[in-house]
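Just so it is clear, the model here is predicted, and its values are computed rather than measured. Below, each value reflects all heavy atoms present in this structure, side chains not excepted, and no hydrogens, waters or symmetry copies.
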Amino acid sequence: MHLERALALHPQSGRPPAEAFAIRLNRGVYEDTMGTARMGLDWYEPLLADAERHYGNDSEELSHLLGLMSAAEEKRGNMKQALAYGERSYALVDDRVDRGRRVSAFVTFAKLNHRVGKTRRSRQLLDEAVAFADANCSSATQSFARSEKLSLFPRHGLSLLFHRIRGMFRRV
């Protein structure tokens, strides 16, 4: 295939390594979406060492790659590995650059924890997402965090609403 040959020749071209990384990452996304999760992982897995070497162990690029790998492993039903990649991806999100991305990371990781049955951890992460959004983000991001929490834990939201309504009638 021409892509594999072009990528093999890339180091000799003098072009930045980030170009080849982006091409390979996008090919993994394509294979994961159009083919199978295993085909996506075949493109993602070799990129781990490259991402660490070129971008560093705490980079946004590595976080993004790990998030994609987590989703692919979840599609394959390998929840233990999905959770491991998800945890590592979540830990790498830098809230100094994009605070909304941090809220999204809280929510994404909370949903993954919920799907594997870690309800307490999921609720904790969503509580942190709401608190972080309230302290650092726009009203739209605050609403996003709250609505995502309510989508996973609707009874909690209903009980809060009930207590607020009940409190309104006590004051009368």
(message) What's the separation between atom CZ in F144 and atom OG in S104, rounded to the nearest 0.5 Å?
(response) 4.5 Å
(request) Name all residues meeting the salt bridge (charged side-chain N to carboxylate O under 4.0 Å, His left out) criterion together with R38; count only those two or more places apart in sequence or in a different chain, and write none if there are none. (result) D42, E45
(message) Distance check, rounded to the nearest 0.5 Å: R123 atom CZ versus D127 atom CG?
(response) 7.0 Å
(request) Verify the cluster assignment for L62 and V93: are they in a single hydrophobic cluster under the rule of side-chain heavy atoms below 4.5 Å apart? (result) no
(message) Do F21 and Y44 land in one hydrophobic cluster if side-chain heavy atoms of ILVMFWY residues count as linked below 4.5 Å?
(response) yes
(message) As an exercise, state the distance from OG1 of T141 to CZ of R99, rounded to the nearest 0.5 Å.
(response) 11.5 Å
(request) Rounded to the nearest 0.5 Å, what's the gap from OH on Y85 to CD on E73? Could you check? (result) 5.5 Å
(request) For the residue pair D134 and R146, establish whether any side-chain heavy-atom pair is separated by less than 4.5 Å. (result) yes
(message) As an exercise, state the distance from CG of L25 to CZ of R27, rounded to the nearest 0.5 Å.
(response) 12.5 Å
(request) Please report the shortest heavy-atom distance between G86 and L112, naming the atom on each side. (result) CA-CD2, 4.3 Å
Result block: side-chain N/O donor-acceptor pairs under 3.5 angstrom for residues 46-58, not counting sequence neighbours:
unit_1: D50; atom_1: OD1; unit_2: R53; atom_2: NH2; d: 2.4
unit_1: D50; atom_1: OD2; unit_2: R24; atom_2: NH1; d: 2.7
unit_1: D50; atom_1: OD2; unit_2: R24; atom_2: NH2; d: 2.9
unit_1: E52; atom_1: OE2; unit_2: R88; atom_2: NH2; d: 2.4

(request) Of all the heavy-atom pairs spanning L125 and Y90, show the shortest one and how long it is. (result) CD2-OH, 3.4 Å
(request) Drop me the distance from L92's CG to E87's CD, to the nearest 0.5 angstrom. (result) 10.5 Å
(request) Could you pull out the closest heavy-atom pair between S63 and R101, with the gap in Å? (result) OG-NH2, 3.5 Å
(request) Hydrophobic side-chain clustering at under 4.5 Å (ILVMFWY, transitive links): who's grouped with Y30? Put none if nobody. (result) M34
(request) Would you confirm whether T108, through its side chain, and A105, through its main-chain N or O, come within 3.5 Å as a donor-acceptor pair? (result) no
(request) May I ask you to decide whether R102 forms a salt bridge with D94, counting only side-chain N to carboxylate O separations under 4.0 Å? (result) no
(request) Output, in order, the C-alpha distance, side-chain angles, deciding distance and verdict of side chain to side chain contact (heavy atoms under 4.5 Å, CB included) for F132 and V103. (result) CA-CA 7 Å; F132 184 85; V103 173; 3.7 Å; yes
(request) Search all heavy atoms of A82 against all heavy atoms of S70 and return the closest pair with its distance. (result) O-OG, 2.7 Å
(message) As a quick check of understanding, evaluate side chain to side chain contact (heavy atoms under 4.5 Å, CB included) for K111 and E148, giving each step before the final call.
(response) CA-CA 9 Å; K111 287 181 173 184; E148 291 298 314; 2.5 Å; yes
(message) Check for me, please, whether I23 and M39 land in the same ILVMFWY cluster - side-chain distances under 4.5 Å, paths through other members count.
(response) no
(request) Check whether the side chains of T119 and S122 place a donor and an acceptor atom closer than 3.5 Å, and report yes or no. (result) no
(request) Taking only Lys NZ, Arg NE, NH1 and NH2, and the carboxylate oxygens of Asp or Glu, determine whether R76 and D32 approach each other closer than 4.0 Å. (result) no
(request) Indicate yes or no for a side-chain donor-acceptor contact from S89 to the backbone of L66 under 3.5 Å, with no hydrogens or angles considered. (result) no
(message) For K118, is the NZ atom crowded, meaning more than 12 foreign heavy atoms sit under 6.0 Å from it?
(response) no
(message) If I compare all heavy atoms of A37 with all of A72, which pair ends up nearest, and what's the gap?
(response) CB-O, 3.3 Å
(request) Work out which heavy atom in K149 is nearest to a heavy atom in V130; give both atom names and the distance. (result) CD-CG2, 4.4 Å
